[in-house]
Each structure stands twice: as C-alpha cells, then as structure tokens.
Amino acid sequence: MRTPFVVGNWKLHKTVAEAQALVTELKNQLGAIRDVAVGVAPPFTALWPVARRLEDSTIALAAQNCFWEDKGAWTGEVAPGMLADVGCTWTIIGHSERRTHFGETDATVGKRVAAALRAGLGVIGCVGETDAQRDAGQTFAVVDAHLDGILAAAPKDWDKLVIAYEPVWAIGTGRTATPAQAQEVHAHIRGRLRARLGDAAAAAIRIQYGGSVKASNAETLLKEPDIDGALVGGASLDAAEFVAIVKAARPK
Ligand code: 13P
C-alpha cells in the first residue's frame, strides 16, 4: 500500500555536465518502472539543468536542504519557493551531515520542515543515532527527539512526509545496519508516528533506510516490512548501482 521511494542524495558531487549525464542514464534505464517512486537530490547548482533533463520523466527532483524564510537578507541561503521554482518537489531536511557540521538542531529542522511544506514541497526528514549513542542504549531516545523536531510541522497530506532512518555510524562507512537492526528502529518509528499522528498516518508515511545501501544489500533491507525505500548516498553516484537498488525495491 506504500509505494517504495528510493532517492539518491548526491551530496557534494557532480558538475552540471556530470549531473545531466547521470540523470539521462537514470531516465533511460528507469523509464519503464512504475511501482517504485524514484528521486534524485543533486547539489543546488545542478537543480535547474537536471530539472530540464527530467521533463517528461517520473523521476522526482529533490533539494538536499532548504531554508525557513521565503526571502530577505540571508546571504548564502536558498528559500523553499526558489526550490519549487526550479522544479523541486521534495527536499531533504535534517540530514546528519547538516546536524554534525552545520549546527542543525531539532528546532531549526522544525522551522525548515514547516517552510518547505508551506511552499508545497514534500519533506524527507532524517533521523538517526551515532555509534556512541547506540552503544549507550540511546537509539530510540535520539530517534524520537529527531522525529519530534520534524513532526513539529506535520503535514495534513501524509504522502508529503517521508522519514529517513540513517544511523550515523552506517553513513559512508560501508557498515550497513543489518536488516534486523534497521527493521527494529523502523518499527519503533512507525509506532511513534502512530502515537503522535494516528493509525492512518502511521500506515501511510514511508520510512526510508539510509546508510551504505548498495545493490548488493538493498534487497534484504527492502524486504523488511517497515522499510519503504532507501536514501542512497555514494551508490547513487553510479547509474548501474542506483538502477539496481531501485529494481531491488520493486514490490515482490
Ligand atoms: P551512503 O549511502 O554514502 O552511506 O550515504 C547515506 C546518506 O547519507 C544518504 O543521505
């Protein structure tokens, strides 16, 4: 009942020409797939040219972050309306790299989510614990706090909200969570969505897993009942790898 959603987070990679080449490959190879929703999140500089390339395609365009104000004296920021203007329909918010390196907090995440939804964007809100937090038995508490920050601005339309569970220790490390480890946290997240928003929301909101997802491990992760897709970093930079992950997400 939840259409799997696989998104490539390109992070700080790809020139305009490289981005256009990659997305052209994806368009050609994924055109016939209708049972998985697919998105790409290029760097800001490539959004507009990638949007042009994606015209007449079902691949969605996402930003990697968005600001909470619509305009004004905010040097270096990009407003949600500007992202919609260049063709974005989604934005990632609260990625652990934003939290770790740029001082993102649950409060600023909430402001960004609210602004993105106001502008009509869908939100992929990221949650996840560090290694030390997991070892200290704090995984659920950390994930709950991140989730509550995101849900401070919960939308009415559940299709517009996706939660990405990305354990920090699995991001870019090659150390993927086991399917059982991921499923345990996904089930917890769904339980909290149910407690906060009710049964219908919990049944509808998709929960992606992210952290060293590759073609070789996607299938076993995506088989888990509460894993509804993937947020893919490194492996999304290669067309063949990303296409294989999307195919692994197809409902069986
Ligand atoms: P990797 O797939 O490179 O581990 O990155 C995951 C991620 O951070 C996606 O947002």
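One-based numbering, in listed order, for ligands and for the atoms of each.
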Residue among Leu30, Asn28, Val6 satisfying side chain to side chain contact (heavy atoms under 4.5 Å, CB included) with Val243: Leu30

Salt-bridged, Asp106 to Arg99, with N to O below 4.0 Å? yes

[X] N/O to ligand 1 N/O under 3.5 Å:
X      : answer
His95  : yes
Gly233 : yes
Gly210 : no
Gly172 : yes
Glu97  : no

Using atom types as modelled and distance alone, determine if a side-chain donor or acceptor of [X] lies under 3.5 Å from a backbone N or O of [Y].
X      : Y      : answer
Gln208 : Gly229 : no
Arg250 : Val36  : no
Lys160 : Leu117 : no
Arg2   : Ala203 : yes
Arg118 : Gly81  : no

Interfacing atoms of ligand 1 (cut-off 4.0 Å, heavy-atom, [X]):
X      : result
Ser212 : 1 (P), 2 (O), 4 (O)
Asn9   : 9 (C), 10 (O)
Gly211 : 4 (O), 6 (C)
Ala170 : 4 (O)

With the threshold set at under 4.0 angstrom, would you say Gly174 reaches ligand 1 through any of its heavy atoms? no

My understanding is that only residues two or more places apart in sequence, or in another chain, count here; which of them pass salt bridge (Lys or Arg N to Asp or Glu O under 4.0 Å) with Glu97? Lys11

Partner residues of Arg98 under the salt bridge (Lys or Arg N to Asp or Glu O under 4.0 Å) criterion, sequence neighbours left out: none

Which residue owns the protein heavy atom closest to [atom], what's the atom, and how far is it?
atom                   : value
atom 7 (C) of ligand 1 : Glu166 OE2, 3.1 Å
atom 5 (O) of ligand 1 : Lys11 NZ, 3.2 Å
atom 3 (O) of ligand 1 : Gly234 N, 2.8 Å

For ligand 1, does Ser236 get within less than 4.0 Å through its side chain, its backbone, both, or neither, judged by non-hydrogen atoms? neither

